[in-house]
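Shown next, in structure tokens, is the structure this report addresses.
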2 protein chains.
Amino acid sequence: MKPLTIKDIARLSGTSPSTVSRVLTGVVPVADDKRSAILNTIAELNYRPNLLARSLKTKATHSLGLLINDVLNPFYGALARGVEDVARQEGYVVILGNTNEDPDTELAYLKMLQDKAVEGIVFAPSGANCAVVRELMDSGIAVVQVDRRIEGLGASSVTLDNRGGGYIATRHLAAHGHRRIGFVTYAMGQMTVALRERGYRDALDEANIGLEQGDACRVSFDLADVPACLEKMLQAPEPPTALIAANNRIALAVMRALKQLEKAIPDDIALVVFDDLEIFDLMIPALTAVAQPSYEIGRQAAEFLFAQIREEEPHEPRSKVFAPELIVRSSSAAPRR
Amino acid sequence: MKPLTIKDIARLSGTSPSTVSRVLTGVVPVADDKRSAILNTIAELNYRPNLLARSLKTKATHSLGLLINDVLNPFYGALARGVEDVARQEGYVVILGNTNEDPDTELAYLKMLQDKAVEGIVFAPSGANCAVVRELMDSGIAVVQVDRRIEGLGASSVTLDNRGGGYIATRHLAAHGHRRIGFVTYAMGQMTVALRERGYRDALDEANIGLEQGDACRVSFDLADVPACLEKMLQAPEPPTALIAANNRIALAVMRALKQLEKAIPDDIALVVFDDLEIFDLMIPALTAVAQPSYEIGRQAAEFLFAQIREEEPHEPRSKVFAPELIVRSSSAAPRR
DNA sequence: ATGAAAGCGCTAACAT
DNA sequence: ATGTTAGCGCTTTCAT
């Protein structure tokens, strides 16, 4: 029992393949009697057109790619939901790729997506594969960057005001009387956390707080050295009374390390984290967080993608920057005197 | 500038399309000089074969579908990573669909995946679309169920021993002296949580604990009524001294409700939850959890899928049941006298 | 409005 | 071992 083809439908409803195709695509008028005959046989036999054949002909695959670090990270998970919700509404399917922030994996996926002829790609660029991305764009694939933004790539982007996030987190702590505030971030250069650190430094400057070298704690991407880094930081002559974790991964590692070092939050040290995970209000103490609208970021990215897919022209890159929101809870209390 | 085709490569390397195809697919021997000439032009011009055309011809799309409730749920997120890691290793791409436990969404996705001609589908079946799933299987798409298992579907499955999980959670609480143990689960009939409740009841029986009606708290899928349900349960003449949350969504809602009701864990009421989220050891108190190897479940499912894809025969459905692991922490302490 | 015919880019007989 | 041919299932001219 081979799958039905458009020829079968044509034969069984006494017409030609082209006419069947016409009712399928629905752009050209077809006589009512033929149309209904065709629709009947289609419904009766449960015929489904072969999308591969159609795509080969039309160049439209109705599929998108989504390349992120890790869906298991709630920030990207929510973003993925946003992308998917919009895609589904548009009748598009999304191919998911986790890159683990690894340029080679990213590259491999970019090529796979190109080969799969996706019409658009939402991705959090590692920054490494710009040439390939530009090639994709030249070949007609719509591209939207999320979370990070590579300048000069010429692709649309949807990001958070990361500098602003670092700024409000720091200003909040300073306003509560903290004078020595540590910032825990990656040692590797990564756009997102670097901008957050920029905001942190801007706020420190503004508050006339001298910034010692030791105040930024730079940890490896695998987070294995977080306990050691923190311990060193906290053993300094004048250790920080507050810490900012540059993202949610780092935040968990910091909390785990502080627990291990038997430092109580916020009594021994206050904490503000980036990303507001669902469970943070249940922690004891509840965590003060810089929240970003990750689901909305995903939606917006997908919407940019579709706008671009629909446009004929070479299109103008768009960009949207969402504002961070500081959710004040208990972990950022004033320093103990 | 149109994309290159196999014809272009043939022409430019002085041979025929079929020979180019032969070096591309690599099954039939080709003379060394021709082969290298072809490979040279391919590399030089950065030619990439059109996978759509190839798939149309070969019926192999090298793509899978993954249908789950919600990637944002860490259980499914980790499962998705497991599926994806195996798929990528095999050179397959995965199309992700979130169903929100909604049969209509599930149905829509199943059809989309069929239309996309995926070679296999990993999915957490709602139970509603069996006929369609069977159709897919008949049409030659490999199917593996995860998390739930529809009997009689004839598809392979990878699950947790959910009954066993409910059993060990309950036995643990009973062994610590709890005599009245509540079970918080969905009101809707859902396989996974129903089996966990089965294990709960088996363990209660075994411990000779009478099970009153009120001991199972059945909440709506949206969890809006959790506070009300719990309040009622805790106002009973002999309220439970311990609670089991049937999954991680319910667990969070229960903790939030208990906080609202100003019940301390474990002093006022002990708690054991299903699924061990990364952060549970950082909670205060640290949560006792029934852990399931969700990443491994995903991997195993994908491996079943590929085994099936490679088999020619009508294939025997396989099934794997993982054992739950009880991670004992502080939230399940003995009742206060 | 409809049918015939060509062709999307590839692979797989078939023939040599 | 290689070139020629047909054809995967669809859409889209091009005639009529």
Side-chain angles (χ1 to χ4, degrees), chain A residues 1-39 41-42 45-63 91 112 114-119 139-140, chain B residues 1-39 41-42 45-63 91 112 114-119 139-140:
Chain A
M1 50 168 289
K2 299 190 46 177
L4 294 166
T5 76
I6 204 171
K7 277 187 184 172
D8 299 319
I9 303 303
R11 187 166 34 78
L12 292 169
S13 45
T15 175
S16 74
S18 24
T19 303
V20 177
S21 171
R22 282 189 264 262
V23 340
L24 249 30
T25 54
V27 282
V28 177
V30 170
D32 278 353
D33 54 335
K34 299 229 175 214
R35 141 169 284 114
S36 57
I38 289 170
L39 288 175
T41 35
I42 286 180
L45 305 182
N46 190 27
Y47 162 76
R48 319 224 68 192
N50 182 324
L51 257 42
L52 250 48
R54 178 180 287 174
S55 293
L56 177 58
K57 187 70 191 175
T58 62
K59 265 62 190 139
T61 55
H62 295 271
S63 54
M112 278 177 102
Q114 181 179 31
D115 288 345
K116 283 286 169 202
V118 296
E119 294 178 35
S139 80
Chain B
M1 50 170 289
K2 299 191 44 177
L4 294 166
T5 76
I6 204 171
K7 277 186 184 172
D8 299 319
I9 304 302
R11 186 168 35 77
L12 292 169
S13 45
T15 174
S16 74
S18 28
T19 302
V20 177
S21 171
R22 281 189 265 263
V23 340
L24 249 30
T25 55
V27 283
V28 178
V30 170
D32 278 353
D33 55 335
K34 300 229 175 216
R35 141 169 284 112
S36 56
I38 290 170
L39 289 175
T41 36
I42 286 181
L45 306 182
N46 191 26
Y47 162 76
R48 319 224 68 192
N50 182 324
L51 259 40
L52 249 47
R54 179 180 285 174
S55 293
L56 177 58
K57 185 72 190 175
T58 62
K59 265 65 188 138
T61 55
H62 295 269
S63 56
M112 279 178 102
Q114 181 179 31
D115 288 345
K116 284 284 170 204
V118 296
E119 294 177 37
S139 79

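Convention: sequence-line order gives letters A, B, ...; per-chain numbering from 1. For the numbers below, each heavy atom of this structure counts, side chains included, while hydrogens, waters and symmetry mates do not.
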statement: Across all chains, not counting sequence neighbours, the side chain to side chain contact (heavy atoms under 4.5 Å, CB included) partners of B:Lys34 are B:Thr15, B:Val30, B:Ala31
- line: In 5'-to-3' order, the base (B), backbone-only (S) or no-contact (-) status of each nucleotide in nucleotides 10-16 of chain D, using a 4.0 angstrom heavy-atom cut-off, is SBBB---
query: Excluding sequence neighbours, so at least two apart, what forms side chain to side chain donor-acceptor pair (under 3.5 Å) with A:Ser18?
result: A:Ser16
- prompt: Who passes side chain to side chain contact (heavy atoms under 4.5 Å, CB included) against B:Leu24, sequence neighbours left out?
  reply: B:Ile6, B:Val20, B:Ile42, B:Tyr47, B:Pro49, B:Arg54
task: For A:Lys7, check side chain to side chain contact (heavy atoms under 4.5 Å, CB included) against everything at least two apart and list the hits.
output: A:Thr5, A:Pro17
- prompt: Roughly how far, to the nearest 0.5 Å, is the CG atom of A:Leu52 from the OG1 atom of A:Thr61?
  reply: 10.5 Å
- prompt: Any side-chain heavy-atom pair from A:Arg35 and A:Arg22 closer than 4.5 angstrom?
  reply: no
Residues that B:Glu119 engages under side chain to side chain donor-acceptor pair (under 3.5 Å), provided they are two or more places apart: B:Tyr92
message: Counting the atoms with a prime plus P, OP1 and OP2 as sugar-phosphate, which does A:Ser55 contact under 4.0 Å by heavy atoms, base, sugar-phosphate, or nothing?
response: nothing
query: To the nearest 0.5 Å, what is the distance between CG (B:Leu51) and OG1 (B:Thr58)?
result: 8.5 Å
- prompt: On DNA chain C, which is the earliest and which the latest nucleotide, 5' to 3', with an atom closer than 4.0 Å to a heavy atom of chain A?
  reply: C:dA1 to C:dG9
task: Just do the side-chain contact (heavy atoms from CB on, under 4.5 Å) check on B:Lys116 and B:Ser63 with the steps written out, would you?
output: CA-CA 9 Å; B:Lys116 284 284 170 204; B:Ser63 56; 5.8 Å; no
query: With sequence neighbours left out, what residues match A:Arg11 under side chain to side chain contact (heavy atoms under 4.5 Å, CB included)?
result: A:Asp8
query: Angle, rounded to 10°, between the helical axes spanning five pairs at each terminus of the helix from C:dA1-D:dT16 to C:dT16-D:dA1?
result: 40°
